[in-house]
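Quick caveat, the model's predicted, so the values are computed rather than measured.
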Amino acid sequence: MNRTVLLVIAHGSRDPRHAATVQALVRRAGALRPGLRVETAFLDFNLPSVPGVLDRLAADGVRDVVALPLLLTRAFHAKADIPAVLRQAPPSLRIRQAEVLGPSPLLIGAVERRLYEAGLTPRDKSATGVVLASAGSTDPEAIAVIAETARELRRTGWCSVRPAFASASLPRTEDAVRALRAEPGVRRVAVAPYVIAPGRLPDRIAAGAAEADVLADVLGPSPELARLLLERHDAAHAGRSVAHSA
């Protein structure tokens, strides 16, 4: 019986922590649904490559694939790079591209989990300003999603939330930290990296958090992200995502 395979497509990085974190997240998602075959591929820097995994799946007799971009916003990689590589897949494969991970309430939950693990508690919310620090993008849609995510995080009860970016956009993390310090009612400042895995840009976020009181970890293999991968798979499998088929 043919079963749909979930192919998680990550960007890739020269930093070995990136691939290790992606693999840990994918394993956690697979453990939540033992009957689902889950594969990982990378656009760049790491193996296995997307074409390599697609060729292997076709050779295994797989017919249906849900390709999930491991991205928080719909920027260039989701709009151009991933569709381009999927169009080169073996013709025997029927591929649906799932939506990117964000926005989602599960991501808000993952951010808060990391803030609490860094030492904050729900009682600290009303006096804590949070910098939601993302990698950054030149895509206006992606920037708008980050801004809306910051507003959604603020609605959960934090004193103030400001978006920041490690590249391509402003403000930088350190500038958002200083701006929060000047806001009335903010007694401590926390930086929450809105990134999935470690790497060069997350390291830049951490450096920009030097004057903050709290630095949370990257989202990584959190339970919320693992559940979100399955949610995106289910939506695509039900036909609510873009199709790529020969």
Side-chain angles (χ1 to χ4, degrees), residues 21 25 28-29 32 70-75 99-137 140-166 169-198 201-232 235:
T21 301
L25 172 60
R28 186 160 202 165
L32 291 176
L70 195 66
L71 302 167
L72 297 176
T73 61
R74 269 181 37 81
E99 297 296 338
V100 297
L101 300 182
S104 168
L106 285 170
L107 288 171
I108 300 294
V111 168
E112 291 202 300
R113 173 186 293 275
R114 295 306 188 219
L115 286 167
Y116 296 151
E117 288 172 350
L120 296 172
T121 72
R123 294 175 61 184
D124 297 322
K125 280 186 169 186
S126 62
T128 301
V130 177
V131 177
L132 187 71
S134 75
S137 174
E141 179 185 351
I143 298 301
V145 168
I146 298 297
E148 177 57 29
T149 301
R151 287 191 288 270
E152 289 296 326
L153 183 60
R154 167 69 182 83
R155 292 185 188 111
T156 69
W158 298 96
C159 182
S160 181
V161 179
R162 287 177 176 254
F165 308 93
S169 312
L170 294 174
R172 294 286 182 259
T173 302
E174 54 269 31
D175 297 325
V177 169
R178 293 180 190 123
L180 281 173
R181 287 268 184 233
E183 285 195 24
V186 174
R187 294 204 291 272
R188 71 183 64 80
V189 175
V191 172
Y194 193 62
V195 292
I196 294 171
L201 293 178
D203 284 349
R204 191 177 295 175
I205 290 170
E211 297 179 18
D213 303 295
V214 174
L215 172 62
D217 200 357
V218 299
L219 301 178
S222 65
E224 294 83 2
L225 254 67
R227 286 175 50 204
L228 185 53
L229 264 58
L230 298 178
E231 278 194 6
R232 293 294 185 254

Shortest non-hydrogen contact from [X] toward [Y]:
{"X": "Ala216", "Y": "Ala118", "result": "CA-CB, 4.0 Å"}
{"X": "Leu228", "Y": "Ser104", "result": "CD1-OG, 3.5 Å"}
{"X": "Gly129", "Y": "Val186", "result": "N-CG1, 3.7 Å"}
{"X": "Pro163", "Y": "Pro171", "result": "O-CG, 3.5 Å"}
{"X": "Arg232", "Y": "Glu99", "result": "CD-O, 3.5 Å"}
{"X": "Ala164", "Y": "Val131", "result": "CB-CG1, 3.6 Å"}

Would you compute the distance between atom [atom1] of [X] and atom [atom2] of [Y] and round it to the nearest 0.5 angstrom?
{"X": "Leu225", "Y": "Leu230", "atom1": "CG", "atom2": "CG", "answer": "11.0 Å"}
{"X": "Thr149", "Y": "Tyr194", "atom1": "OG1", "atom2": "OH", "answer": "4.0 Å"}
{"X": "Asp175", "Y": "Leu180", "atom1": "CG", "atom2": "CG", "answer": "11.5 Å"}
{"X": "Asp217", "Y": "Ser222", "atom1": "CG", "atom2": "OG", "answer": "10.0 Å"}
{"X": "Leu101", "Y": "Thr73", "atom1": "CG", "atom2": "OG1", "answer": "10.0 Å"}

- Residue list, salt bridge (Lys or Arg N to Asp or Glu O under 4.0 Å) with Arg155, at least two apart or on another chain: Glu148, Glu152

- Under the salt bridge (Lys or Arg N to Asp or Glu O under 4.0 Å) rule, collect the residues that match up with Arg162, sequence neighbours excluded. Glu183

- Task: Would you confirm whether Arg123, through its side chain, and Leu120, through its main-chain N or O, come within 3.5 Å as a donor-acceptor pair?
- Result: no

- Item | Side-chain (Asp213) to main-chain (Val189) donor-acceptor, under 3.5 angstrom | yes

Those residues that, when tested against [X], pass side chain to side chain donor-acceptor pair (under 3.5 Å) (two or more places apart):
{"X": "Arg113", "result": "Glu224"}
{"X": "Thr128", "result": "Arg188"}
{"X": "Arg114", "result": "Glu117"}

Hey, does [Y] have a side-chain heavy atom less than 4.5 Å from the side chain of [X]?
{"X": "Pro193", "Y": "Leu219", "answer": "no"}
{"X": "Tyr116", "Y": "Pro122", "answer": "yes"}
{"X": "Leu229", "Y": "Leu70", "answer": "yes"}
{"X": "Ile196", "Y": "Leu25", "answer": "yes"}
{"X": "Val111", "Y": "Ile108", "answer": "no"}
{"X": "Leu132", "Y": "Trp158", "answer": "no"}
{"X": "Leu153", "Y": "Val130", "answer": "yes"}

- Arg181 CZ: over 12 foreign heavy atoms closer than 6.0 Å: yes

Give the table of side-chain donor-acceptor pairs shorter than 3.5 Å for residues 201-210, with sequence neighbours excluded, one pair per line with atom names and distance.
from	atom 1	to	atom 2	distance (Å)
Asp203	OD1	Arg17	NH2	3.1
Asp203	OD2	Arg17	NH2	3.0
Arg204	NH1	Ala166	O	2.9

